[in-house]
Amino acid sequence: MRKGRLVNSDRFAGSSPAKQSNLIRIIVMVAFRSFCYFGLVAFLPLYYQQQNISLIAGSHYLSLMLFAGAVGGLIGGYISDIIGRKPVIVDSLILATPLLYLYLNSSGALSYFLVILAGTFLLSSFSVTVVLAQDILKENKAMAV
């Protein structure tokens with residue numbers, strides 16, 4: 001570190017191409033997951049309105065999905081300690097896709113169950129991706145948060 005300089009911005013620039021490639025893949029995956037997640041949060045109320053579902057029922061679905069996602073983050077972190085981070089990330093996102101499709105094409109009690117499962121799987125990789133990025137950037141863990 002040079003005198004008078006508070007931040008060393010050369011740390012990531014000097015990292016290996018493999019680290020940079022892995023980090024880019026994580027960033028792309030997180031971007032797609034966030035696009036899906038925030039798309040659901042933003043557009044589900046409009047979908048419910050078009051389907052003539054009351055705002056209160058729609059807010060119940062959305063609240064269940066968000067709460068299940070928070071619980072899914074805890075479950076995903078625990079399971080990643082047992083089977084590994086990459087399988088949790090890949091499997092959870094693969095399973096979330098058909099569950100979201102089934103949820104949007106279901107009704108009644110089944111739709112409540114499916115939205116809980118979809119929210120759980122969609123966000124179970126959230127905390128795992130943060131830890132995986134911190135593993136890649138061992139010298140700059142705070143940058144991966």
Side-chain angles (χ1 to χ4, degrees), residues 6-145:
L6 297 176
V7 178
N8 187 355
S9 62
D10 299 331
R11 280 188 178 177
F12 185 70
S15 64
S16 71
K19 281 185 179 182
Q20 290 177 2
S21 173
N22 287 337
L23 191 61
I24 288 170
R25 282 190 281 175
I26 290 172
I27 290 169
V28 168
M29 188 275 312
V30 167
F32 281 120
R33 183 191 61 212
S34 297
F35 179 77
C36 177
Y37 174 73
F38 288 113
L40 285 168
V41 170
F43 293 113
L44 273 180
L46 298 172
Y47 173 76
Y48 297 143
Q49 187 178 20
Q50 183 185 15
Q51 298 295 318
N52 295 323
I53 297 173
S54 73
L55 290 177
I56 292 177
S59 67
H60 289 161
Y61 282 116
L62 200 53
S63 296
L64 282 172
M65 186 187 82
L66 296 173
F67 181 76
V71 173
L74 297 172
I75 294 169
Y78 177 75
I79 293 174
S80 75
D81 289 339
I82 297 169
I83 67 170
R85 292 182 182 95
K86 289 181 185 177
V88 168
I89 293 170
V90 172
D91 294 346
S92 68
L93 294 177
I94 288 173
L95 289 171
T97 304
L99 288 170
L100 286 168
Y101 176 79
L102 290 172
Y103 159 65
L104 291 173
N105 292 300
S106 66
S107 62
L110 179 62
S111 63
Y112 282 103
F113 179 69
L114 289 171
V115 78
I116 290 170
L117 284 178
T120 301
F121 282 108
L122 183 62
L123 291 181
S124 64
S125 64
F126 183 83
S127 58
V128 181
T129 55
V130 172
V131 174
L132 187 60
Q134 288 175 336
D135 284 348
I136 293 170
L137 297 173
K138 289 186 189 305
E139 63 279 351
N140 289 331
K141 287 185 187 248
M143 184 175 164
V145 174

Exercise. In this structure, are over 12 heavy atoms from other groups packed under 6.0 Å from Tyr47 atom OH?
Worked result: yes
Exercise. So with a 6.0 Å cut-off around CD1 of Ile56, is the heavy-atom count from everything else above 12?
Worked result: no
For this session: List the atom of Leu122, the atom of Arg33, and the distance in Å for their closest heavy-atom pair.
Result: O-CD, 3.3 Å
Seminar exercise, completed: d(Ile24 CD1, Gln20 CD) to nearest 0.5 Å is 6.5 Å
Seminar exercise, completed: Closest non-hydrogen atoms of Val115 and Tyr61, given as atom of the first, atom of the second and distance, are CG2-O, 3.9 Å
Exercise. From Thr129 OG1 over to Ile27 CD1, what is the distance, rounded to the nearest 0.5 angstrom?
Worked result: 10.5 Å
Exercise. Looking at Ser125 and Ile89, what are the two nearest heavy atoms and their distance?
Worked result: CB-CA, 3.9 Å
For this session: Determine whether Met65 and Val41 make a side-chain contact, defined as any pair of heavy atoms from C-beta on separated by less than 4.5 Å.
Result: yes
For this session: Could you walk me through whether Leu66 and Tyr37 pass the side chain to side chain contact (heavy atoms under 4.5 Å, CB included) test, one step at a time?
Result: CA-CA 9 Å; Leu66 296 173; Tyr37 174 73; 2.9 Å; yes
For this session: List the steps, then state whether side chain to side chain contact (heavy atoms under 4.5 Å, CB included) holds for Leu40 with Leu100.
Result: CA-CA 10 Å; Leu40 285 168; Leu100 286 168; 3.6 Å; yes
For this session: Please indicate whether Phe113 has more than 12 foreign heavy atoms, meaning atoms of other residues, nucleotides or ligands, lying under 6.0 Å from its CZ.
Result: no
Problem set entry | Value rounded to 0.5 Å, distance of CG in Leu110 from CG in Asn105 | 11.0 Å
Seminar exercise, completed: Scanning both residues in full, the closest heavy-atom pair of Ser80 with Gly77 reads OG-O, 2.8 Å
Problem set entry | Residues Val88, Ile83; criterion side chain to side chain contact (heavy atoms under 4.5 Å, CB included); working and verdict | CA-CA 8 Å; Val88 168; Ile83 67 170; 3.9 Å; yes
For this session: Kindly compute the distance separating CD (Gln51) from CG (Leu46), expressed to the nearest 0.5 Å.
Result: 12.0 Å
Exercise. What are the two closest non-hydrogen atoms of Gly76 and Val128, and how far apart are they?
Worked result: O-CG2, 3.5 Å
Exercise. So how far is it from Ile116 CD1 to Leu64 CG, rounded to the nearest 0.5 Å?
Worked result: 4.5 Å
Exercise. How many angstroms lie between atom CG of Leu44 and atom OG of Ser59, to the nearest 0.5 angstrom?
Worked result: 12.0 Å
For this session: Identify the heavy atoms of Tyr103 and Ser111 that sit nearest to each other, and give their distance.
Result: CD1-O, 3.3 Å
